[in-house]
Number of protein chains: 2
Amino acid sequence: MPLSKSIGATNMANLDQQVGYMLRQAQLAVFADFIAKQRGAVLRPGQFSILAVIGRNPGLSQARVCCALAIKRANLVAAIDALASLGLVRRDASVTDRRSNRLHLTQSGQRALQAALETQAQHEARITRLLGSAGKRVLLKQLAKLCELRKTRSPE
Amino acid sequence: MPLSKSIGATNMANLDQQVGYMLRQAQLAVFADFIAKQRGAVLRPGQFSILAVIGRNPGLSQARVCCALAIKRANLVAAIDALASLGLVRRDASVTDRRSNRLHLTQSGQRALQAALETQAQHEARITRLLGSAGKRVLLKQLAKLCELRKTRSPE
DNA sequence: CCGATTTGTTATGCATCATAACATTTGGCC
DNA sequence: GGCCAAATGTTATGATGCATAACAAATCGG
């Protein structure tokens, strides 16, 4: 068994066998790869996810975006501000509910999303090459399971 | 197949089938569970990993901690400051290399690490219950593969 | 109609990560 | 031995992500 002893190098204290630690490292590596590949208007994973959800759900309210992406309402404001000032997203006042805004992609927003989706596909393909198609499918299923930790209040 | 159509709910734009997005969500969930379980002196995953590495490698230099945990030297300074002001870590000047510091756990640092390791074991056990023992092993191996993205400069 | 809730917003704080610059010290090399 | 490159710890600074509290306006329920 790989006990990660210290042979001149540093003893990793079994950190590399703990899910939380490895999740963090992998996430940083994957995000760095995503960011390195993106050269268009959409630069960061967060922006991309917001743009993608709005693109698939035209007229969505900010609250629903927050619910879908697990973002706090307060934090989405600046994000939409940024996307709007880049000319990618429109914030239209809803006529049926004057509290909420209806979010839409502009023409250039749709183009930006399209471009981002393509480079994202390359990024994803690279990961598939690394894990294998079946391996990636298994990984996604396990990550989904881990997300359930969020709901369950420690039962003991 | 689960095409994640929008049936009253919000269309997730296939985000839930992308490794980066799901990695992020899972990492947040796992970290939240870790933090919720920790009630001792060690509260956050970063602190824990630093403490664990120092505990297994007494006399380690800051630079080596940085190398092991993929932390920037500049950012470790404040982290060690915090652990030192909590009385968990000592920063001794090295006699062989007067540039570097030799890091050690204090008595109470060792106790804090011990306590953190125990609650961390509960946390990890909960994850094992969720994924299964084999599933967790597979997950760790795949996460390790993803970490290789950090080294490889996009080859095409 | 009135109280509770929802929605967007502002302000604020904290944690994490990154870069640049600097002084001190070490090491390699001629 | 002396000099230049590299390593080490440090400071300063900025961007990002995430969280909470409080607020006004609007909606909803009874």
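Here is how names work: the chains are called A, B, and so on, in the same order as the sequence lines, proteins then strands, and each is numbered from 1. The structure displayed is predicted, hence computed values, not measured ones. The basis for the numbers below is simple: all heavy atoms, side chains too, and nothing from hydrogens, waters or symmetry mates.
Residue pairs meeting the side chain to side chain donor-acceptor pair (under 3.5 Å) criterion with at least one partner in residues 103-117 of chain B, sequence neighbours excluded, do not occur; the list is empty. Pairs engaging residues 65-87 of chain B under the ring-ring contact (aromatic ring centres under 6.0 Å, His included) rule: none recorded [sequence neighbours left out]. Residue pairs satisfying the ring-ring contact (aromatic ring centres under 6.0 Å, His included) criterion with at least one member in residues 62-93 of chain B, sequence neighbours excluded, are absent. Among residues at least two apart or in separate chains, side chain to side chain donor-acceptor pair (under 3.5 Å) pairs with a member in residues 38-55 of chain A are A:Q38-A:T119. Sorted by first and then second residue, the pairs that involve residues 87-98 of chain B and meet side chain to side chain donor-acceptor pair (under 3.5 Å), not counting sequence neighbours, are B:Q62-B:R91, B:D81-B:R91, B:R90-B:D92, B:S94-B:T96, B:D97-B:R99. Pairs engaging residues 41-89 of chain B under the ring-ring contact (aromatic ring centres under 6.0 Å, His included) rule: B:F34-B:F48 [sequence neighbours left out].
For the pair A:R44 CZ and C:dT16 C1', the computed distance is 12 Å after rounding to whole Å. C:dC14 atom C1' lies 12 Å from atom CG of A:N75, rounded to whole Å. Here C:dT6 presents its P atom at 14 Å from NZ of A:K72, a figure rounded to the nearest Å. Between B:Q47 atom CD and C:dC17 atom P there is a gap of 13 Å when expressed in whole angstrom units.
Nucleotides of DNA chain D lying under 4.0 Å from heavy atoms of chain A occupy a range whose first and last members, 5' to 3', are D:dT16 to D:dT27.
Side-chain contact between B:I35 and B:P45 is present, with at least one heavy-atom pair separated by less than 4.5 Å. By the 4.5 Å heavy-atom criterion applied to side chains, B:V19 and B:L146 are counted as neighbours.
In this structure, A:Q62 reaches the C:dT9 phosphate: one of its side-chain N or O atoms is under 4.0 Å from OP1 or OP2.
Toward the 5' end of DNA chain D, the nearer of the two residues A:R73 and A:G46, judged by each one's closest nucleotide, is A:G46.
At a threshold of 4.5 Å between side-chain heavy atoms, the hydrophobic network of Ile, Leu, Val, Met, Phe, Trp and Tyr places B:M12 and A:I71 in one connected group.
Residues of residues 22-32 of chain A that place a heavy atom closer than 4.0 Å to DNA chain C, in numerical order, are A:R24, A:L28. Within residues 91-100 of chain B, the residues that have a heavy atom under 4.0 Å from DNA chain D are, in order of number, B:R91, B:R99, B:S100. Near-neighbour residues of DNA chain D inside residues 76-88 of chain B, defined by a heavy atom below 4.0 Å, number-ordered: B:V77.
For the atom pair CZ (A:R24) and CG (B:L28), the distance works out to 8.0 Å, reported to the nearest 0.5 Å. Taking CG from A:N75 and CD1 from A:I80, the interatomic distance works out to 12.0 Å, rounded to the nearest 0.5 Å.
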What pairs of donor and acceptor atoms, side-chain ones from residues 131-138 of chain A against any protein atom, are under 3.5 angstrom apart with sequence neighbours left out?
unit_1	atom_1	unit_2	atom_2	d
A:K136	NZ	A:E124	OE2	3.2

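Checked against salt bridge (Lys or Arg N to Asp or Glu O under 4.0 Å), B:K145 has no partners two or more places apart in sequence or in another chain.
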